[in-house]
Asks: 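The following block contains the structure, expressed as structure tokens.
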Amino acid sequence: MNNLDLGLLRTLVTVEKTNTFSGAAAVLFKTQSAISQQMQRLESQIGYPLFEKRGRHRELTAQGKQLAMYARRLLAINDEVLRTLGQQQVEGHIRFGATFDVADTILPIVLTHIARHAPKVKLDIQVDRSPALMDLLASGDIDMTISTRDAPGLSSFVVRTSPTVWICAADFPFSRGATLPLILADEPSIFRRLALTALAQSQTQWRINYLAPSLAGIKAAVRAGLGVTARSVEFLGPDMRVLAESEGLPALPLVTYRLLTRKDTINPLVLHIFEMLRTQFENTV
């Protein structure tokens, strides 16, 4: 007997809610092609087409609508079981790390999920730069962390993939063709490396105008109008703006944030919370 994949069903319900694959991709922080592949897998499991083309759009077939109805019920039962059992059984202490740039964005989402499904778990939060967090994880001083890095001996999964962009103050007088004044973190920094690699492959003239050892220093320099930095969109504030490729700056790659824990951990609570979060993010992110 075949079993339906709840992760695929969750994606189907999201497509139904947003009416488009692109809308579901935005909600679930996936690419549109990933959403399409998931729906193709679900169609293979069901044995019926779930979508039909209507002009430039794809709409649910009758079977697709019926499956979405059942999917909502199955997901509600699944979430209720996890929530109820989690509240009864899961308690203890987790030491959790996160990088500065996700402390206001990804971290609250993760913590909200833990608080909702495991309210008796106490959390110690450590916010720092990725190299320091990886050292703390390796030494066993934290149990898991969100980072842009990965390493042998670690279990990990993707929590978000974000665009890396050129960012400056909202009123920064950017001039195309002028030497680009850079605001960078000191070494080691993935965003420093991405920025310098992209600039080295372009014709853009640049100079380092400000070096900072912390994200707070970089934000202060950007807001003060001292130059331009390359960061993920998690960095953006209301007093900043993105410089587009049309303004003459080279494209930057996506950056992937992962949740990591040690493969050799034997703490059952750490393993439970890690797998709980893996299920949540692999199904919805």
Asks: Would a 4.5 Å heavy-atom cut-off, applied to side chains only, mark Thr229 and Phe191 as touching?
Replies: no
Asks: Apply side chain to side chain donor-acceptor pair (under 3.5 Å) to the pair Thr261 and Ser155, showing each step before the final yes or no.
Replies: CA-CA 5 Å; Thr261 192; Ser155 297; over 6 Å; no
Asks: Specify the closest pair of heavy atoms between Ile106 and Val159, including all atoms of both residues, with the distance to one decimal.
Replies: CG2-CG2, 4.0 Å
Asks: Through direct or indirect side-chain contacts below 4.5 angstrom among Ile, Leu, Val, Met, Phe, Trp and Tyr, which residues connect to Leu136?
Replies: Leu133, Met134, Leu137, Ile142, Leu154, Leu260
Asks: State plainly whether one hydrophobic cluster holds both Leu249 and Val165, where clusters connect Ile, Leu, Val, Met, Phe, Trp and Tyr through side-chain heavy atoms under 4.5 angstrom apart.
Replies: no
Asks: Of all the heavy-atom pairs spanning Arg278 and Ser156, show the shortest one and how long it is.
Replies: NH1-O, 3.9 Å
Asks: Side-chain heavy atoms nearer than 4.5 Å, only ILVMFWY residues, links allowed to pass through others: does that put Val102 and Val233 together?
Replies: yes
Asks: How many angstroms lie between atom NZ of Lys219 and atom CG of Asp101, to the nearest 0.5 angstrom?
Replies: 8.5 Å
Asks: Could you walk me through whether Leu12 and Phe51 pass the side chain to side chain contact (heavy atoms under 4.5 Å, CB included) check?
Replies: CA-CA 10 Å; Leu12 174 66; Phe51 297 90; 3.9 Å; yes
Asks: Please name the pair of heavy atoms, one in Arg231 and one in Phe235, separated by the smallest distance, quoted to 0.1 Å.
Replies: CB-CB, 3.6 Å
Asks: Are the side chain of Thr164 and the backbone of Pro253 linked by a donor-acceptor contact shorter than 3.5 Å?
Replies: yes
Asks: Counting distance only, does the side-chain N/O of Thr18 pair as donor-acceptor with the main-chain N or O of Ala24 below 3.5 Å?
Replies: yes
Asks: State yes or no: do Ile183 and Leu199 share one hydrophobic cluster built from I, L, V, M, F, W and Y residues joined by side-chain heavy-atom distances below 4.5 Å, directly or via other members?
Replies: no
Asks: Is it the case that the side chain of Gln32 and the backbone of Phe21 share a donor-acceptor pair, with hydrogens and angles ignored and the cut-off at 3.5 Å?
Replies: no
Asks: Could you grab the distance from atom CZ of Phe96 to atom CG of Leu259, nearest 0.5 Å is fine?
Replies: 5.0 Å
Asks: Counting N and O atoms only, with roles assigned by atom type, does the side chain of Gln38 sit under 3.5 Å from a partner on the main chain of Ile35, one being a donor and the other an acceptor?
Replies: no
Asks: Quick one: does Arg241's side chain have a donor or acceptor within less than 3.5 Å of a partner on Cys168's backbone?
Replies: no
Asks: Applying the 4.5 Å side-chain criterion to the ILVMFWY set and letting contacts propagate, would Leu243 and Ile208 be lumped into a single cluster?
Replies: yes
Asks: Rounded at 0.5 Å granularity, tell me how far CG in Leu196 sits from CG in Leu182.
Replies: 6.5 Å
Asks: Quick one: are Leu226 and Phe172 in side-chain contact, heavy atoms under 4.5 Å?
Replies: no
Asks: Minimum heavy-atom separation for Ala68 and Val13, please, with both atom names.
Replies: O-CG2, 4.1 Å
Asks: Is the shortest side-chain heavy-atom distance between Gln45 and Leu8 below 4.5 Å?
Replies: yes
Asks: If we only count heavy atoms from C-beta on, is the His113 to Ile109 side-chain gap below 4.5 Å?
Replies: no
Asks: Counting neighbours of NE2 on His57 that are heavy atoms of other residues, nucleotides or ligands and sit closer than 6.0 Å, is the number greater than 12?
Replies: no
Asks: Please list, chain by chain and in numerical order, all residues satisfying ring pair (Phe, Tyr, Trp, His ring centres under 6.0 Å) with Tyr257, sequence neighbours excluded.
Replies: none
Asks: Taking the side chain as C-beta and beyond, is there a heavy-atom pair between Gln126 and Asp124 under 4.5 Å?
Replies: no
Asks: Take Asp141 and Ser139 through the side chain to side chain donor-acceptor pair (under 3.5 Å) test and state the conclusion after the steps.
Replies: CA-CA 6 Å; Asp141 290 312; Ser139 64; 2.6 Å; yes
Asks: Between Arg129 and Asp186, is any pair of side-chain heavy atoms under 4.5 Å apart?
Replies: yes
Asks: Any link between Val121 and Phe274 through a network of hydrophobic side chains (Ile, Leu, Val, Met, Phe, Trp, Tyr) touching at under 4.5 Å?
Replies: yes
Asks: CD1/Ile146 to CZ/Arg160 distance, rounded to the nearest 0.5 angstrom?
Replies: 9.5 Å
Asks: Could you walk me through whether Met276 and Ile114 pass side chain to side chain contact (heavy atoms under 4.5 Å, CB included), step by step?
Replies: CA-CA 9 Å; Met276 180 186 75; Ile114 295 174; 4.3 Å; yes
Asks: Roughly how far apart are Ile273 CD1 and Asp143 CG, rounded to 0.5 Å?
Replies: 10.5 Å
Asks: How far apart are the C-alpha atoms of Thr61 and Tyr48, what are their side-chain angles, what is the distance that settles it, and do they pass the side chain to side chain contact (heavy atoms under 4.5 Å, CB included) test?
Replies: CA-CA 9 Å; Thr61 62; Tyr48 292 98; over 6 Å; no
Asks: Search all heavy atoms of Pro250 against all heavy atoms of Thr204 and return the closest pair with its distance.
Replies: CD-OG1, 3.8 Å
Asks: Just how far is it from atom CZ of Arg58 to atom OG of Ser36, taken to the nearest 0.5 Å?
Replies: 5.0 Å
Asks: Side chains of Arg149 and Pro131: closer than 4.5 Å at any heavy-atom pair?
Replies: yes
Asks: Check step by step if side chain to side chain contact (heavy atoms under 4.5 Å, CB included) holds for Arg192 and Leu211.
Replies: CA-CA 10 Å; Arg192 175 191 177 110; Leu211 281 176; 3.3 Å; yes
Asks: Less than 4.5 Å apart, any side-chain heavy atom of Leu42 and any of Leu9?
Replies: yes
Asks: Quick one: closest heavy-atom pair of Asp239 and Arg223, and the distance?
Replies: OD2-NE, 3.0 Å
